[in-house]
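Report on one structure; see the data block that follows.
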Amino acid sequence: MGPVLVTGGAGYIGSHVTRLLAERGEQVVVVDNLSTGFKEAVIGAELVEGNVGDAGLIRSLIEDHGIRSVLHFAAHIVVPESVADPLKYYGNNTANTRQLLDVCQTTGIEHFIFSSTAAVYGSPSGGIASEHSPLAPINPYGWSKLMSEQMLKDLAAASPLRHVTLRYFNVAGAQPNGLLGQSTPQATHLIKVAAEHVVGKRDGLAIFGTDYETPDGTCIRDYIHVEDLALAHLAGLDYLREGKPSATLNCGYGRGFSVKEVLDVVAKLADKPLTIEMTGRRAGDPAVLVSKADAIRDTLDWQPRFQDIETIVSSALAWEAKLAQQPMR
Ligand code: UD1
């Protein structure tokens, strides 16, 4: 099996995957520069502080630990920031991934799991994206990930490395037992922002656009529970270890909720009305973005377990309440 390297393992999604790997007895080495991640979020693994673009560091970690599999999460993820500062995204997400892949090639890494995004589809026609839909990002974040996908695909064609690329839809929620959750400062994601409002960290929140061509005028997204998403990474690793071919798969549930529907669930579970301002559209937001989600079920040994929207929101609320008492370090 061999130990695994997890980049960005102190971040939101990487920390959930790290914990699950450690829980099933795997040896995990995390490399994270702690720019948005937290030491405390690394459970059951060795944490090395450093950058993915530091080829010398990554090479010595791989060689010293005899690592054969890499799970690559380290990235910037805020879409509006990517529009304002694109080179930050091409530097950290694309150029550093190239460095990492270079080291993976020369050290003979066999398995690579890559965190990609539904943002590679831009605004798919009809709002539903299958893995075969046109790739047409509408923001630098999406482009920075698509370029990395392409490098990985080309490298896999030219070398023994095999990959599973997972295109995440809207990741939300927290570890079901309250051990981990999203702690990112200055969060922009809808459910996280709403949860911060519920615990009093924000006075209110805005709905960005109520004039979309959707039943209630607000954007529709496919929200996936972070624990299900994390389990998909473990299934992807098992798949590669069985010798199966590279695959690129959507990670969603194949169903959508509007911004208003999500906020109604938040208000119901919080048992109080939210202070909501209706504002104009946010740049770069497609009206509808929902996955076609059959391929992941057909390819990996994975089934959704936490898809109920109330389960997702209640775990996010529980985590936010815990964080308000006990901030992450
Ligand atoms: C985006 C990416 C997604 C990526 C994620 C990473 C696109 C199309 N999607 O998700 O692939 O993985 O970022 O960061 O680029 N909203 C409000 N008020 C708020 C916050 C959000 O109304 O305070 C609305 C947004 O306008 C959007 C929906 O809620 O319609 C979800 O937004 P958000 O949670 O920020 O995620 P995406 O932008 O969909």
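In listed order, ligands and their atoms are each counted from 1.
Ring-centre distance between His233 and Tyr168: below the 6.0 Å cut-off.
Partners of His197 under the ring pair (Phe, Tyr, Trp, His ring centres under 6.0 Å) rule, at least two apart in sequence or in another chain, do not exist in this structure. Residues meeting the ring pair (Phe, Tyr, Trp, His ring centres under 6.0 Å) test with Tyr89, sequence neighbours left out: His76.
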Ligand 1: protein N/O within less than 3.5 Å of ligand N/O:
residue: ligand 1; atom: 11 (O); partner: Thr117; partner atom: OG1; Å: 2.5
residue: ligand 1; atom: 11 (O); partner: Ala119; partner atom: N; Å: 3.3
residue: ligand 1; atom: 12 (O); partner: Thr117; partner atom: OG1; Å: 3.3
residue: ligand 1; atom: 14 (O); partner: Ile77; partner atom: O; Å: 2.4
residue: ligand 1; atom: 14 (O); partner: His189; partner atom: NE2; Å: 2.6
residue: ligand 1; atom: 15 (O); partner: Asn139; partner atom: ND2; Å: 3.4
residue: ligand 1; atom: 18 (N); partner: Ala206; partner atom: O; Å: 2.7
residue: ligand 1; atom: 22 (O); partner: Ala206; partner atom: O; Å: 3.4
residue: ligand 1; atom: 22 (O); partner: Phe208; partner atom: N; Å: 2.9
residue: ligand 1; atom: 26 (O); partner: Asp285; partner atom: OD2; Å: 2.6
residue: ligand 1; atom: 32 (O); partner: Arg282; partner atom: NH2; Å: 3.4
residue: ligand 1; atom: 34 (O); partner: Leu190; partner atom: N; Å: 2.8
residue: ligand 1; atom: 35 (O); partner: Arg282; partner atom: NH1; Å: 3.3
residue: ligand 1; atom: 35 (O); partner: Arg282; partner atom: NH2; Å: 3.0
residue: ligand 1; atom: 36 (O); partner: Asn170; partner atom: ND2; Å: 3.1
residue: ligand 1; atom: 38 (O); partner: Arg282; partner atom: NH2; Å: 2.8
residue: ligand 1; atom: 39 (O); partner: Asn170; partner atom: ND2; Å: 2.9
residue: ligand 1; atom: 39 (O); partner: Arg221; partner atom: NE; Å: 2.7

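In this structure, His65 contributes its side chain and Ile67 its backbone to no donor-acceptor pair below 3.5 Å. The main-chain N or O of Arg162 is never found under 3.5 Å from a side-chain atom of Ser246 such that the two would form a donor-acceptor pair.
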Using residues 285-295 as the side-chain source, report each donor-acceptor pair under 3.5 Å to any protein atom, sequence neighbours left out, with the distance given to one decimal.
residue: Asp285; atom: OD1; partner: Arg282; partner atom: NE; Å: 3.4
residue: Asp285; atom: OD1; partner: Arg282; partner atom: NH2; Å: 3.1
residue: Asp285; atom: OD2; partner: Arg282; partner atom: NE; Å: 3.1
residue: Ser291; atom: OG; partner: Asp222; partner atom: OD2; Å: 2.6
residue: Ser291; atom: OG; partner: Gly254; partner atom: N; Å: 3.1
residue: Lys292; atom: NZ; partner: Asp294; partner atom: OD2; Å: 2.4

